[in-house]
Asks: 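Pasting a structure here, questions to come.
Numbering of ligands and ligand atoms starts at 1, following listing order.
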Amino acid sequence: MIVRRLNELTEDRNVRSDNWTSRRLLLRNDGMGFSLHDTIIRAGTSTRICYRNHLEAVYCIEGKGTVELVESGEIIPIEAGTVYALDRHDDHILSAEIEMRMVCVFNPALAGREVHDETGAYPILAGEEEAQA
Ligand code: 9YT
C-alpha cells in the first residue's frame, strides 16, 4: 500500500505555474494507472487548457469559479461538490473567482513535472524525461 500525505510531499511533487500549484500525490511511477493531484487555482486567474493527450476529472472541494467550453461558449459554474470530466479532450477556460482547491485525476498518469505547453496540453513524457520527472 502507498501512503502519502500532502504536508509531507517533497518539493519535486509541487509543480507551480503562474495560475496554479499542483501537488502531485500519485504519479506514473506509483503504478496505479492514473495520477492524483491536489491543485490550487489562484483567485482572479483564467487558464485555457486542452489536454489532447490525457483525460482529466476535476473535483472542486473549495472555492468558486467557472469552466467555459470554448467550442460551444457554455459556461459552467463550479463550487465545492462540483466535478467535471474532460472526456472529449475538451478545449476549455478555467477561471477562479475565489481560490479553488481541486482534486484532479489524470489518465494516463502524469510522470511528475509536466506543465502546460503553448496549446494548453501536457506532453506524454518518456525515456530520459521520465527518469528526471
Ligand atoms: C484543473 C486543472 O486542470 N488545473 C491545471 C493543473 C492540473 N490540474 C494539474 O496538473 O494538477
Asks: Please state whether N19 comes within less than 4.0 angstrom of ligand 1, counting heavy atoms only.
Replies: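 Under 4.0 Å: no for N19.
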
Asks: Could you tell me whether ligand 1 has any atom less than 4.0 Å away from a heavy atom of M102?
Replies: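 It does not; every heavy atom stays at 4.0 Å or beyond.
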
Asks: Looking at S22, is its backbone amide N or carbonyl O close enough to the side chain of D38 to form a donor-acceptor pair, meaning the two atoms are under 3.5 Å apart?
Replies: no

Asks: Using a 4.0 Å cutoff against the non-hydrogen atoms of H37, which atoms of ligand 1 qualify?
Replies: 9 (C), 10 (O), 11 (O)

Asks: Test of understanding: given a 4.0 Å heavy-atom threshold, classify the contact between I49 and ligand 1 as side chain, backbone, both, or neither.
Replies: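 The answer is the side chain of I49.
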
Asks: Examine the proximity of ligand 1 to L94 and report which part, side chain or backbone, both or neither, has a heavy atom under 4.0 Å away.
Replies: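 For L94, the contact with ligand 1 is made by the side chain alone.
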
Asks: Indicate whether the side chain of T119 and that of D117 have a donor and an acceptor atom separated by less than 3.5 Å.
Replies: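 On atom types as modelled, these side chains qualify, holding a pair under 3.5 Å.
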
Asks: For the backbone of L9 and the side chain of R23, can you confirm whether one donor and one acceptor N or O come within less than 3.5 Å of each other?
Replies: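 Pair absent, no side-chain N/O of R23 close to backbone of L9.
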
Asks: Would you call R4 and D30 a salt bridge, taking side-chain N to carboxylate O under 4.0 Å as the test?
Replies: yes

Asks: Atom 4 (N) of ligand 1: which protein heavy atom is closest, and how many Å away?
Replies: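 For this ligand atom, the closest protein heavy atom is I41 CD1, 3.7 Å.
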
Asks: Backbone N or O of A109 within a donor-acceptor pair of the S35 side chain at under 3.5 Å?
Replies: no

Asks: Using a 4.0 Å cut-off to any heavy atom of C104, which atoms of ligand 1 qualify?
Replies: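 Heavy-atom distances to C104 below 4.0 Å select 8 (N).
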
Asks: Tell me which protein heavy atom sits closest to atom 7 (C) of ligand 1, plus the residue, atom name and distance to 0.1 Å.
Replies: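 For atom 7 (C) of ligand 1, the nearest protein heavy atom comes out as Y122 OH, 3.3 Å.
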
Asks: Number the atoms of ligand 1 from 1 as they appear, then name those within less than 4.0 Å of a heavy atom of S22, with their elements.
Replies: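 Matching atoms, with element in brackets: 9 (C), 10 (O), 11 (O).
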
Asks: Quick one: does R16's side chain have a donor or acceptor within less than 3.5 Å of a partner on T21's backbone?
Replies: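 Not a single qualifying donor-acceptor pair exists.
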
Asks: Just need the protein heavy atom nearest to atom 2 (C) of ligand 1, so name the residue and atom and give the distance.
Replies: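 Checked against all protein heavy atoms, atom 2 (C) of ligand 1 sits closest to E56 OE2, 3.6 Å.
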
Asks: Pick one of side chain, backbone, both or neither for how Y59 approaches ligand 1, counting any non-hydrogen atom pair under 4.0 Å.
Replies: neither

Asks: Could you tell me whether a side-chain N or O of H92 sits under 3.5 Å from a main-chain N or O of V70, the two making a donor and an acceptor?
Replies: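 Side chain of H92 to backbone of V70: no pair is present.
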
Asks: Determine, stepwise, if the pair Y51 / Y122 fulfils ring pair (Phe, Tyr, Trp, His ring centres under 6.0 Å).
Replies: CA-CA 6 Å; Y51 292 123; Y122 288 145; 5.0 Å; yes

Asks: Quick one: does Y84 get an N or O within less than 3.5 Å of an N or O on ligand 1?
Replies: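 Looking only at distances, the answer is no, because the N/O contact criterion of under 3.5 Å is not met.
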
Asks: Does ligand 1 have an atom under 4.0 Å from some heavy atom of R24?
Replies: yes

Asks: Tell me if the centroids of the rings in H116 and W20 come within less than 6.0 Å of each other.
Replies: yes

Asks: Based purely on interatomic distance, does W20 place a nitrogen or oxygen under 3.5 Å from a nitrogen or oxygen of ligand 1?
Replies: no

